[in-house]
Amino acid sequence: MVKVMFNKQIFKKQQLKFMLYNLLAFTVIFTVFSIIILGQVQNTLFSKTDGELWSFKEMITDTNPKMLPLPPKGGDLNQPNDVRQKNKPNPRMIVIHWDRGGNILNKDEVGTTFYENYLVDYKLDTTHIDKITTTKISELYQFRYILFEDRDEQNETAYTQLMINVDAEQTIISNFEKLIIICSAIFIVLSISASYLLSRKMMKPIILSWNKQAEFVENASHELRTPLTIIQNKLELLLTAPQDKISDRFENIAQSLSETRRLSKLTSDLLTLARADSAETQIVKQSIDVDTFIQKVCTPYKEIAESQEKHFSLECKTPLTIEADDTRLHQLLVILLDNALKYTGENDSIRVKTYVEDQKVVIEVSDTGIGIKEESIPHIFDRFYREDKARTRETGGMGLGLSIAQWIASIHDGTIHVRSNQHKGTVFKVKLPK
Amino acid sequence: MLKENVLTFKELQLNIKNKTAEINGEALKLNGKQFGLLEYLVNNKNAILTKEQIFDRIWGFESDTSTTVVEVYASNLRKNLKRFGYDHYIKTFRGLGYMLEDHGEGNV
């Protein structure tokens, strides 16, 4: 229980970490996104007014004084329409001429109402000459303006200031800012829940493999403990009869040895699987003549089968060579053949077949033994899975063989499948690429 | 005939090179596996050899299901030696293995 609690704490911590990372990532992405949009909006909104200010300033300074303060009354009908259009200033443009003393020269042009309402207190500010600047008049109205020196002695103008009211733009921007703030609030709520859900999703495979690992260790320790207990008992029993000859007490030794072999097989299987998991094992591929190889592996099994009153047949129809690790392939076949022998009785038959199917080399090991229950088939390659736990000590299986077989098939880019034999027993089908 | 190629046990002579065996000059009809088993036993006389050791020696790999086939070899070898009364020298340790004994009494 303590272990479970401990695991839960670790998982919780890790999940929280994932959640924070997700949240951070979301927030950074959204912030960058908003900044870009906001900046872009501001730029485009003011670029039009700024462009107008610049072009009008150029117009005044270049074509001075002809175009001042307004285009000629008669209009320039010869000019194409769009050019005329271009030369006209935006109607919301306000032109103010200052003298050096800071007095407005063109009060009448600006308009009396406007002047009296807004410009009476407005002072000339020469700190931003030739630079577009934002200012406020009466603490309320936003203007973009450009101020430049205008050395036209006739009109006594010392400075000309072009102003455009940008309240509309400012409203858009402040609305947009409001929108972003609202969106951010919604987004924070959304991203917290999304982060939570995502982190849970991310934790799922971790928890799964953690549990699998824990289960594996538990199974392995259990499997290691049983033979050790037996060996200990048998050896202690030998010590109770110190005067006996070995040949009189050989049963104890035989059992200890058999358990030792079990242990040694178990540990080497565990090592194989551990290395398989860490992808540490390198396989050495070489050309293998399929039929010759299968025949060589099967020869002792033919004798073993016959010694147990079982029929063994071999059908080789693959005169091909494949690239494979011969030690591993041998191991794979031994696992399948040992299984076949373990789960068959007298007069059962075991058949090994090789053939080519769908451009793949197939090695098929079938038997007419006790077979596998339909519901066990999906688990048959799981580590430590055994159909009947009671039966295993006699047959010597630990439920690792088929996991190793599957691993060997997969490192050869092959597959292994199991199905029930039509009449009785089991068929294992190994497919390897040509 | 070179002496190193010949193994002897009492009157039994094994020629390692030709894989032939004879007792009192009379040839024994042994197949390859039986000869291998006998050679292994003679080489390790008065020592118990387990079935797994024997299988591993003859086939060169380990198998969970090997013990029955070793029993078959041993029983066939016994049949071949029976004619000369030599089968008594092979002592069986049930569930464990075999031993070739100088003063054999057969099974335990």
Side-chain angles (χ1 to χ4, degrees), chain A residues 234 245-262 264-266 268-269 296-310 312 326-327 329-331 333-344 346 350 367 369 392-398 400-401, chain B residues 19 30-38 40-41 44-80 88-108:
Chain A
K234 298 294 165 197
K245 278 163 70 185
I246 287 176
S247 57
D248 298 330
R249 308 288 299 217
F250 74 88
E251 286 96 344
N252 289 330
I253 299 174
Q255 280 163 340
S256 301
L257 268 180
S258 124
E259 292 302 324
T260 313
R261 264 191 299 274
R262 231 181 116 77
S264 127
K265 178 144 187 352
L266 176 61
S268 72
D269 281 358
K296 203 186 94 198
V297 179
C298 287
T299 317
Y301 280 95
K302 199 169 155 57
E303 285 195 37
I304 295 170
E306 278 159 9
S307 74
Q308 297 175 358
E309 312 289 325
K310 293 167 190 171
F312 191 96
D326 66 336
T327 325
L329 205 55
H330 186 261
Q331 193 182 2
L333 281 159
V334 166
I335 289 166
L336 295 183
L337 288 167
D338 275 346
N339 263 343
L341 281 167
K342 274 180 214 166
Y343 300 115
T344 44
E346 278 183 21
I350 295 161
D367 64 62
T392 47
R393 281 209 71 79
E394 310 153 29
T395 46
M398 283 157 303
L400 292 177
Chain B
K19 307 265 178 211
L30 299 177
N31 68 25
K33 305 288 160 10
Q34 287 167 20
F35 184 87
L37 173 58
L38 188 55
Y40 194 32
L41 285 169
N44 297 282
K45 64 179 175 192
N46 297 319
I48 300 171
L49 298 173
T50 67
K51 289 177 197 169
E52 285 78 9
Q53 282 176 310
I54 293 167
F55 185 85
D56 193 17
R57 158 84 176 214
I58 292 172
W59 289 107
F61 73 98
E62 282 173 41
S63 157
D64 295 349
T65 50
S66 60
T67 51
T68 51
V69 72
V70 175
E71 283 162 21
V72 172
Y73 297 157
S75 117
N76 289 337
L77 179 63
R78 269 223 178 80
K79 276 180 205 157
N80 276 313
H88 292 298
Y89 296 117
I90 298 175
K91 191 172 175 178
T92 306
F93 292 87
R94 210 165 294 285
L96 182 62
Y98 303 93
M99 176 167 77
L100 189 67
E101 238 187 351
D102 279 332
H103 315 287
E105 283 305 319
N107 297 354
V108 172

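Chain letters run A, B, ... following the sequence lines, proteins first, then strands; residues in each count from 1.
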Original post:
By a 4.5 Å heavy-atom criterion (distance strictly below it), what part of L257(A) contacts chain B: side chain, backbone, both, or neither?
Top reply: side chain
**OP:** Could you pull out all residues at least two apart from V72(B) that satisfy side-chain contact (heavy atoms from CB on, under 4.5 Å)?
**Re:** S307(A), N76(B)
Original post:
For S258(A), what residues pass the side-chain contact (heavy atoms from CB on, under 4.5 Å) criterion, not counting sequence neighbours?
Top reply: R261(A)
Subject >> Segment of E52(B) engaging chain A (4.5 angstrom heavy-atom cut-off) >> reply: side chain
**OP:** Decide whether N46(B) and E101(B) meet the rule of one side-chain donor and one side-chain acceptor closer than 3.5 Å.
**Re:** no
Original post:
Can you say whether S75(B) sits under 4.5 Å from chain A via the side chain, the backbone, both, or neither, judging by heavy atoms?
Top reply: neither
Original post:
Under 3.5 Å, side chain of K310(A) to main-chain N/O of L341(A), donor-acceptor pair present?
Top reply: yes
